[in-house]
There are 2 protein chains.
Amino acid sequence: MTVTRVDGVRKRRERGSIAPEDIIDAAFAVAERDSIDNLSVQEVAKHLDIAVTSVFWHFRKKENLLRAMSDEAIQAVQQLLPSPNTAISWRAFLEEYYTKMREVYRTNDVLADLVLIRLSEYSLASTHLTYQGVEKIVALLVSAGFSPVNAWRLNGTLLTYTRGIIISERTQRIQQVATIDERQSTLIVPQSMPQLFELVQTNSVSLSMASDDDFTFGLSVLLSGFEQLLKSDQQRVSD
Amino acid sequence: MTVTRVDGVRKRRERGSIAPEDIIDAAFAVAERDSIDNLSVQEVAKHLDIAVTSVFWHFRKKENLLRAMSDEAIQAVQQLLPSPNTAISWRAFLEEYYTKMREVYRTNDVLADLVLIRLSEYSLASTHLTYQGVEKIVALLVSAGFSPVNAWRLNGTLLTYTRGIIISERTQRIQQVATIDERQSTLIVPQSMPQLFELVQTNSVSLSMASDDDFTFGLSVLLSGFEQLLKSDQQRVSD
DNA sequence: ACCTGAACACCGTTCAAGT
DNA sequence: ACCTGAACACCGTTCAAGT
């Protein structure tokens with residue numbers, strides 16, 4: 001922390017010495033420490049050693065700061081995701097794309113909160129960026145033979161499923177991770193739940209429903225379903 | 001609001017006159033008005049015309065009150081969902097079950113927040129109730145010919161997908177509902193997004209990716225994929 | 001134009017004091 | 001055992017005053 005204090009009194013900063021970008025960076029640092037839910041403007045200001053009210057000069061409401069963070073988050077995620085690649089099959093690409101998406105959000109709760117969970121508006125630029133990503137995927141699928149509508153829906157379904165598993169995994173990790181294993185034994189009683197008891201005993205499944213295996217499984221069922229769809233799309237064209 | 005005040009001073013309540021259940025009910029009423037995120041213990045107390053500190057006597061922390069609400073929410077949802085029904089096909093049942101689930105959460109943000117989104121622990125009893133519901137579905141699927149592991153995964157995949165669409169729908173409804181239609185025209189520009197532009201122009205799709213059509217589509221792709229799986233499960237048995 | 005402290009309303013929580 | 005007001009630390013936000 002830079003020392004800019006004299007006798008505990010803040011030295012007044014010169015105009016222009018606080019860039020909005022600095023505030024956003026500090027907000028990310030604090031959010032990573034305290035979580036988005038516990039992010040406080042006061043802590044952001046403390047992190048930069050500026051007055052809280054200075055933050056409010058640049059972002060009139062906390063919500064505005066969060067929106068700016070969301071925009072950065074959307075950009076960051078978009079850059080981490082692979083671009084459509086015609087060198088591999090559409091199926092291999094989608095597998096790679098959504099596996100990567102899951103990994104990105106799983107390893108960064110702040111990004112998941114800002115982009116996937118929190119109720120907020122994004123800037124027009126961010127929304128634009130998002131849809132441009134979708135456009136590229138749809139184009140890839142169309143060139144692979146899907147009808148445009150099916151290409152759109154295929155991508156939407158995978159996005160929705162991946163979002164579901166990210167949130168499931170996150171809630172379970174944060175809430176119960178410490179207890180689920182010990183619970184697993186007392187939770188599933190053989191009398192009223194013979195099927196689940198058997199599955200748990202033989203270690204065939206994880207109770208979380210959001211493990212790597214679960215994701216791989218769900219993804220491949222969806223992709224196989226879409227392969228069937230592709231056949232009928234192609235049939236229709238050749239008729 | 002019951003009048004229990006004399007000259008603006010609260011009349012002291014007799015011991016035992018505040019039931020925990022009353023506080024929970026009031027909390028639901030306030031949450032439905034203000035949303036879970038904006039639920040304040042002060043407002044709950046005001047709603048019952050009791051002292052804030054009285055709430056804290058019954059629930060030592062706000063988190064405890066939220067947990068009690070979550071438990072009630074889980075019970076409420078479970079009662080609204082249909083029970084496994086052997087009179088119809090497994091596919092028809094799952095379609096009905098998850099369509100209903102989507103509807104329940106969609107029409108009640110508080111339930112969705114408490115059960116699906118918020119990071120919290122549930123009581124052992126609630127978790128038990130949830131897994132008992134899963135057990136019944138798994139048993140139904142096993143009796144339809146699925147292997148236990150596939151039955152579990154099939155259900156888990158549908159649950160995850162449904163959760164994803166509920167959250168997608170909710171975030172989009174709350175954040176952009178007013179703007180998305182007017183945005184739709186300026187957002188999708190034909191130059192950089194010819195595919196999406198065409199789809200939007202012809203009204204073939206909704207940008208939300210969480211419409212009724214989207215859900216029906218995703219659900220049926222998953223169910224068809226599982227039908228394929230059933231065939232191979234049955235094949236294995238007859239071998 | 002930008003940075004700041006004082007001040008305010010609201011919130012979650014503690015505690016000692018009532019019955 | 002249960003209900004309460006006073007009191008506290010923290011939060012988001014406004015505003016008038018500095019430079």
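Below, chains carry the letters A, B, ... as their sequence lines are ordered, and counting in each starts from 1. Keep in mind that what you see is a predicted model, and the values were worked out from it rather than measured.
At D:dT4, one or more side-chain N or O atoms of B:Ser54 fall inside 4.0 Å of OP1 or OP2 (strictly under the cut-off). Taking side-chain N and O atoms only, B:Ser17 has a distance below 4.0 Å to OP1 or OP2 of D:dC3. For C:dC11, one of the phosphate oxygens OP1 or OP2 lies less than 4.0 angstrom from a side-chain nitrogen or oxygen of B:Ser40.
If you measure from atom NZ of A:Lys11 to atom P of D:dT19, you get 15 Å, rounded to the nearest angstrom. At whole-Å resolution of the value, CG in A:Asn38 and P in D:dA9 are 20 Å apart. One can place CG of B:Leu48 at 17 Å from P of D:dC2, the figure rounded to the nearest angstrom. Put simply, NZ on A:Lys61 is 16 Å from C1' on C:dC10, counting in whole angstrom units. To the nearest angstrom, P of C:dC3 lies 21 Å from NZ of A:Lys46. Between the C1' atom of D:dC10 and the NZ atom of A:Lys62 lies a distance of 12 Å, rounded to the nearest Å. Spacing between atom CD1 of A:Ile36 and atom C1' of D:dC11 amounts to 16 Å, rounded to whole angstrom units. To the nearest angstrom, P of C:dC2 lies 13 Å from CZ of A:Phe59.
Contact of B:Arg15 with D:dC3 (side chain to base): no donor-acceptor pair of N or O atoms is detected under 3.5 Å.
Side chain to side chain, A:Asp214 and A:Ser211 meet the donor-acceptor criterion of an N or O pair below 3.5 Å.
In this structure, the separation between CD1 on A:Ile165 and OG1 on B:Thr157 is 7.5 Å, given to the nearest 0.5 Å. To the nearest 0.5 angstrom, B:Asp25 atom CG is 8.5 Å from B:Leu48 atom CG.
The residue A:Leu39 sits close only to the backbone: its heavy atoms come under 4.0 Å of sugar-phosphate atoms, none of a base.
Between A:Lys11 and A:Asp49 there is no salt bridge, since no side-chain N of the basic residue sits under 4.0 Å from a carboxylate O of the acidic one.
Distances were taken from every side-chain heavy atom of B:Phe56 (C-beta onward) to each of C:dT14, D:dT13, D:dT4; the shortest belongs to C:dT14. Listed nucleotides: C:dG5, C:dC3, D:dT4. Nearest to the side chain of B:Arg13: D:dT4. Among D:dT4, C:dT4, C:dG12, the nucleotide with an atom closest to any side-chain atom of A:Ala51 is C:dT4. Here the side chain of B:Arg12 is nearest to one of C:dT13, C:dA17, D:dC11, namely C:dA17. Nearest to the side chain of B:Glu43, among C:dC11, D:dC11, C:dC3, sits C:dC11. Here the nucleotide nearest the side chain of A:Trp57, chosen from C:dA1, D:dA1, D:dA6, is C:dA1.
If you check C:dC10 for Watson-Crick or wobble pairing at under 3.5 angstrom, you find it has no partner at all. Both distances falling under 3.5 Å, in either a Watson-Crick or a G-U wobble arrangement, place D:dT4 opposite C:dA16.
Between A:Arg60 and B:Val55, the one whose closest nucleotide on DNA chain D sits nearer the 5' end is B:Val55.
Here the closest heavy-atom approach between residue B:Arg173 and residue B:Arg106 is recorded as NH2-O, 3.6 Å.
Between B:Asp212 and B:Arg102, the closest side-chain pair of non-hydrogen atoms falls below 4.5 Å.
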